[in-house]
2 protein chains.
Amino acid sequence: MNENKYRNTKQREQILNILLKDKSHPTASDIYDKMKVQFPDLSLGTVYRNLNILVEQGKIQKLDFGSTYDHYDGNCCYHSHFVCRQCKKVYDLGCIEDDIEKVQQTTNHKIESCLKKYYGVCENCL
Amino acid sequence: MNENKYRNTKQREQILNILLKDKSHPTASDIYDKMKVQFPDLSLGTVYRNLNILVEQGKIQKLDFGSTYDHYDGNCCYHSHFVCRQCKKVYDLGCIEDDIEKVQQTTNHKIESCLKKYYGVCENCL
DNA sequence: TCCCTTATTAGTAATCGTTACGATTATTAT
DNA sequence: ATAATAATCGTAACGATTACTAATAAGGGA
Ligand SMILES: [Mn+2]
Ligand SMILES: [Mn+2]
Ligand SMILES: [Zn+2]
Ligand SMILES: [Zn+2]
């Protein structure tokens, strides 16, 4: 009896491995480029499909920063992110501090602003 | 002498008025629908173009929540937002508190999670 | 007021990140 | 090994947003 509706494929395994090692929060296209050497016939759609499956499995998380591409993160623990408005790179902020001044003291990046978004169920839907 | 490179149009004025009154954080499409009565020949492209201009002028702000559409907010003061995972509505959170427990005490929505994104210039770009 | 410059518009095509489809291939249970 | 059916690749489609173009209109100056 198969508890898991998913099968194991080299492609999906490699995508997960890349995300577990790579801390740069790569996009689907970044991952596709990295895998092209090992999988010359890889389809970009395969990368997207497997990223969605891995998110559904709770093994990775998707990050959106309002930019054109979505970014993916192999670290599913709760942590904040820092985005450079110049080079657009996405960095981890180890600090869980809430005061922006205190967060600034824990990193060499120059923090200019912070956006907080809360998610849940609204009173109308409850 | 005209200091402003922009001219005044009924369309842009109406878009701004809607955003100043409407606290529901409407999408471009929402605004388009509301204006169709008064401007039957309105083009959706006109809405998008003027929203970008108003953002550039600092009169409104664009909000992205990883969903399909961007949302727009006539309130440019710093404030947090709450998104219902069920109905996808976007609400204001008046509270500036950082502790999620304290924020929960100020609203009737059921808060499940919070995402913080910091923006600035990274140490490599400095 | 009229004229002129040009920002703005409506309509439509294009862009582009992502998803869906369909025939073939690969995984896995029996 | 066989059968059932995920997964793959290649390609088409999707959808929110942007770009293009000819016509329109705002608004400054004569
Ligand atoms: Mn991260
Ligand atoms: Mn708001
Ligand atoms: Zn940078
Ligand atoms: Zn709701």
Side-chain angles (χ1 to χ4, degrees), chain A residues 1-19 25-57 59-73 83 88 90, chain B residues 1-19 25-57 59-73 83 88 90:
Chain A
M1 53 259 5
N2 186 7
E3 293 294 312
N4 191 350
K5 67 175 176 175
Y6 297 113
R7 295 175 180 173
N8 297 323
T9 68
K10 292 179 173 62
Q11 289 91 337
R12 187 183 306 145
E13 183 183 25
Q14 177 68 358
I15 291 172
L16 180 57
N17 282 336
I18 286 175
L19 282 172
H25 308 87
T27 66
S29 181
D30 292 336
I31 295 168
Y32 174 75
D33 291 340
K34 282 197 173 186
M35 294 180 65
K36 259 295 185 181
V37 182
Q38 188 176 349
F39 302 88
D41 294 331
L42 182 67
S43 172
L44 184 55
T46 297
V47 176
Y48 275 106
R49 181 170 19 79
N50 281 310
L51 285 169
N52 286 336
I53 289 173
L54 290 168
V55 167
E56 183 193 330
Q57 292 178 327
K59 296 179 178 175
I60 66 171
Q61 64 172 319
K62 183 196 282 192
L63 306 174
D64 74 279
F65 295 95
S67 61
T68 43
Y69 291 91
D70 286 335
H71 294 255
Y72 293 87
D73 194 339
V83 185
K88 307 298 180 191
V90 178
Chain B
M1 53 254 12
N2 186 6
E3 295 293 314
N4 192 348
K5 67 175 177 176
Y6 296 112
R7 294 176 181 173
N8 297 322
T9 68
K10 292 179 172 65
Q11 289 91 337
R12 188 182 304 145
E13 184 183 24
Q14 177 68 358
I15 290 172
L16 180 57
N17 282 337
I18 286 176
L19 282 172
H25 309 86
T27 66
S29 180
D30 293 336
I31 295 168
Y32 174 75
D33 291 339
K34 283 198 173 184
M35 294 180 66
K36 259 293 186 183
V37 183
Q38 187 176 348
F39 301 89
D41 294 330
L42 182 68
S43 173
L44 184 55
T46 297
V47 177
Y48 275 107
R49 184 172 17 79
N50 280 310
L51 285 169
N52 285 337
I53 290 173
L54 290 168
V55 168
E56 182 194 329
Q57 293 178 327
K59 295 178 178 174
I60 66 171
Q61 63 172 318
K62 184 196 281 191
L63 307 174
D64 73 278
F65 294 95
S67 61
T68 43
Y69 292 91
D70 285 335
H71 294 255
Y72 293 87
D73 193 341
V83 185
K88 306 299 180 192
V90 178

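Please read these numbers as outputs of a predicted model, since none were measured by experiment. The sequence lines fix the lettering, A, B, ..., with proteins before strands; numbering per chain opens at 1.
Within the structure, side chain to side chain donor-acceptor pair (under 3.5 Å) pairs that include any residue of residues 39-48 of chain B comprise B:T46-B:R49 (at least two apart or interchain).
Taking the C1' atoms of five terminal pairs at each end of the helix from C:dT1-D:dA30 to C:dT30-D:dA1, the two resulting helix axes are inclined by 40°, rounded to 10°.
When rounded to the nearest whole Å, the span between CD1 of B:I15 and P of C:dA10 equals 9 Å. Between the CG atom of A:L44 and the P atom of C:dC16 there is a distance of 15 Å, given to the nearest Å. Here the P atom of nucleotide D:dA6 and the CD atom of A:E56 are 13 Å apart, to the nearest Å. Computed from coordinates, the A:E13 CD to D:dA7 P distance equals 14 Å when rounded to whole Å. Atom CG in A:D70 sits about 11 Å away from atom P in C:dG17, given to the nearest Å. Between the CZ atom of A:R12 and the P atom of D:dA6 there is a distance of 12 Å, rounded to whole Å. In this entry the distance linking CG of B:N8 with C1' of D:dG28 reads 13 Å, nearest Å. Distance OH (A:Y48) to P (C:dA20): 13 Å, rounded to an integer number of Å.
The side chain of B:N52 has D:dT18 as its nearest neighbour among D:dC9, D:dT18, C:dT19. Set against C:dT9, D:dT8, C:dT18, the side chain of B:N50 has C:dT9 as its closest nucleotide. Distances were taken from every side-chain heavy atom of A:R7 (C-beta onward) to each of C:dG17, C:dA26, C:dT9; the shortest belongs to C:dA26.
Phosphate contact (OP1/OP2 of C:dA10, side-chain N/O of B:Q11, threshold under 4.0 Å): present. Distances shown here put a side-chain N or O of A:Y69 below 4.0 Å from the OP1 or OP2 atom of C:dG17. The side chain of A:S43 contributes no N or O atom lying less than 4.0 Å from OP1 or OP2 of D:dT8. Checking the phosphate oxygens (OP1, OP2) of C:dT27, no side-chain nitrogen or oxygen of A:T9 falls inside 4.0 Å.
The residue among A:G45 and B:K10 whose nearest nucleotide of DNA chain C is located toward the 5' end is B:K10.
Every residue two or more places apart in sequence or in another chain was checked for a side chain to side chain donor-acceptor pair (under 3.5 Å) with B:H71, and none qualifies. Evaluation of the side chain to side chain donor-acceptor pair (under 3.5 Å) rule for B:K36 yields B:Y32 as partners, not counting sequence neighbours. With sequence neighbours left out, A:D70 forms a side-chain contact (heavy atoms from CB on, under 4.5 Å) with A:K62, A:D64, A:Y72. With sequence neighbours excluded, the residues forming a side-chain contact (heavy atoms from CB on, under 4.5 Å) with B:E56 are B:K5, B:Y6, listed by chain and number. Not counting sequence neighbours, the partners of A:D30 by the side-chain contact (heavy atoms from CB on, under 4.5 Å) test are A:P26, A:T27. Under the side-chain contact (heavy atoms from CB on, under 4.5 Å) criterion, B:F39 pairs with B:K10, B:Q11, B:Q14, B:M35, B:L42, sequence neighbours left out.
The two residues A:L51 and A:A28 make their nearest non-hydrogen contact at CD1-CB, 3.8 Å.
Separating the CG atom in A:L19 from the CG atom in A:D73 is a distance of 7.5 Å, to the nearest 0.5 Å. Separation of atoms CD1 (B:I15) and CG (B:N50) is listed at 4.5 Å; rounding is to 0.5 Å.
Considering only heavy atoms from C-beta on, A:L16 comes within 4.5 Å of A:K59 through its side chain.
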Could you go through nucleotides 21-24 of chain C and list every protein N or O atom that sits under 3.5 Å from one of its N or O atoms, giving the distance for each pair?
none

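The main-chain N or O of A:R7 is found under 3.5 Å from a side-chain atom of A:R12 such that the two form a donor-acceptor pair.
For the segment residues 26-41 of chain A, no residue has any heavy atom less than 4.0 angstrom from an atom of DNA chain C.
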